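Structure record follows, encoded as structure tokens.
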2 protein chains.
Amino acid sequence: MFSVPTRTQYGIRALVHLAMSEARSSTSAEIAKAQSISPKYLEGILGQLKNSGLVLSERGAHGGYRLAREPEAIRMLEVVEALEGEVKPVGCLEDSVHCDFDVGCLPRRFWSGLKETIDEYFASKTLKDVIET
Amino acid sequence: MFSVPTRTQYGIRALVHLAMSEARSSTSAEIAKAQSISPKYLEGILGQLKNSGLVLSERGAHGGYRLAREPEAIRMLEVVEALEGEVKPVGCLEDSVHCDFDVGCLPRRFWSGLKETIDEYFASKTLKDVIET
DNA sequence: GTTATTCCTATCGGAATGCTAGGAATATAG
DNA sequence: CTATATTCCTAGCATTCCGATAGGAATAAC
């Protein structure tokens with residue numbers, strides 16, 4: 001249960017790779033090979049990270065990707081949300097949705113608490129934390 | 001992300017229903033109607049909860065389901081694992097699996113920490129907590 | 001203008017999810 | 001002993017999501 005999609009796992013591995021490649025930019029193909037990720041699939045993932053402002057890219061020959069900020073300034077919550085969207089265990093946590101079961105949707109708080117717990121964990125970790133252990 | 005399967009949501013709603021029905025046992029159909037859950041689908045879910053020892057059942061006319069223990073003695077971690085199996089964000093957390101990327105699977109600790117965080121949350125809550133908001 | 005790269009869009013097979021169907025087993029009531 | 005109410009078991013099915021692939025357009029360096 002709660003398995004993390006490969007999309008997110010790959011995205012994080014790519015960020016780790018970039019963080020460890022220091023200043024120089026890496027190409028998508030290079031990262032894919034080093035991390036054993038399907039090259040074309042990774043392209044799309046890097047595109048997402050770019051659109052979220054976590055990485056910068058340069059096109060054309062000698063192009064590639066690099067981190068937009070220092071690893072310690074990249075919170076993992078941002079990363080996860082960039083790749084898979086907000087953590088939302090159950091649909092009824094949205095304000096717009098209203099639960100009206102006879103018991104009054106008691107589990108709502110339970111799920112809400114789970115979301116907060118997970119969000120806090122992600123928010124408390126930076127890319128630097130992931131690398132340094 | 002991290003959306004909880006309806007199976008688990010329904011299972012918990014069913015347990016809440018049983019907990020609030022006190023001593024008397026409820027039929028699957030009764031719970032399904034009260035909680036707006038597909039009757040046949042719920043039957044299977046209750047079967048799982050029964051096989052895990054969380055609820056007791058009686059067959060035949062006047063049969064039904066009831067909690068196997070007091071709500072305060074039912075930890076939500078048990079419930080979740082009964083319905084969906086162990087929390088396991090990424091496959092490489094198993095001992096048998098070995099990661100050998102060039103970066104040495106640095107994110108492993110990160111995912112391991114996530115699993116612990118989620119498990120602790122579930123383990124810290126009982127069915128009684130869920131009911132009492 | 002050739003080459004290396006990002007970027008965009010479309011597609012696809014397989015697995016999981018959520019649900020349905022049918023009926024067998026079992027207990028109670030009369 | 002029959003009718004009825006219920007759990008229990010197995011199979012199947014439609015849809016969606018996931019992971020991956022394909023082809024090529026845009027762009028930049030040399």
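Values in this document were obtained by computation on a predicted structure and should not be read as measured data. Chain letters run A, B, ... following the sequence lines, proteins first and then strands; every chain starts at 1.
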| query | How close or far is atom C1' of dT21(D) from atom OH of Y41(A), stated in whole angstroms? | reply | 12 Å
| note | Nearest-nucleotide check on DNA chain D, V4(A) vs Y65(B); residue mapping nearer the 5' end is Y65(B)
| task | Assess the pair Y121(A) and Y121(B): is the distance between their ring centroids shorter than 6.0 Å? | result | no
| query | Is any N or O donor-acceptor pair between the side chain of R59(B) and the base of dA25(C) shorter than 3.5 Å? | reply | yes
| OP1 or OP2 of dT6(D) under 4.0 Å from side-chain N/O of S57(B) | no
| request: Calculate the interatomic distance between N51(A) atom CG and dT9(C) atom P; express it in whole Å. | output: 11 Å
| Among the nucleotides dA20(D), dA29(C), dC9(D), which one has an atom lying closest to any side-chain atom of H62(B)? | dA29(C)
| request: Would you kindly compare G60(B) and T27(A) by the position of their nearest DNA chain C nucleotide and give the one closer to the 5′ end? | output: T27(A)
| Value in whole Å for how far the P atom of dC7(C) lies from CG of L46(A) | 9 Å
| Should R75(A) and E81(A) count as an ion pair when the cut-off is N to O under 4.0 Å? | no
| said: Side chain of A61(B) only, heavy atoms from C-beta on: which candidate in dC7(C), dT7(D), dT28(C) is closest? | reply: dT28(C)
| Tell me: NZ of K50(B) to C1' of dA25(C), nearest whole Å? | 12 Å
| What is the distance, rounded to the nearest whole Å, between atom NZ of K40(B) and atom C1' of dC8(D)? | 9 Å
| Between T8(B) and V4(B), is there a donor-acceptor pair closer than 3.5 Å when you use the side chain of the first and the backbone of the second? | no
| query | L56(B) has an atom CG; how far is it from atom P of dA27(C), in whole Å? | reply | 15 Å
| request: Report the distance from atom CG of L83(B) to atom P of dA16(C), rounded to the nearest whole Å. | output: 18 Å
| To the nearest angstrom, how far is E84(A) atom CD from dC18(D) atom P? | 7 Å
| remark: Per atom distances to the S38(A) side chain, the nearest of dT21(D), dA4(C), dG19(D) is dT21(D)
| query | Is E78(A) salt-bridged to R69(A), going by a charged N under 4.0 Å from an acidic O? | reply | yes
| task | Indicate, with a heavy-atom threshold strictly under 4.0 Å, whether G44(B) touches base, sugar-phosphate, or nothing. | result | nothing
| message | By the definition side chain to side chain contact (heavy atoms under 4.5 Å, CB included), identify the one residue from S26(B), S21(B), S28(B), S25(B) that meets it with Y65(B). | response | S28(B)
| message | For dC19(C) and Y10(B) - does any side-chain N or O of the residue sit under 4.0 Å from the phosphate oxygens OP1/OP2? | response | yes
| request: Side chain of E43(B) only, please: which of dT21(D), dC8(D), dT27(D) is the nearest? | output: dC8(D)
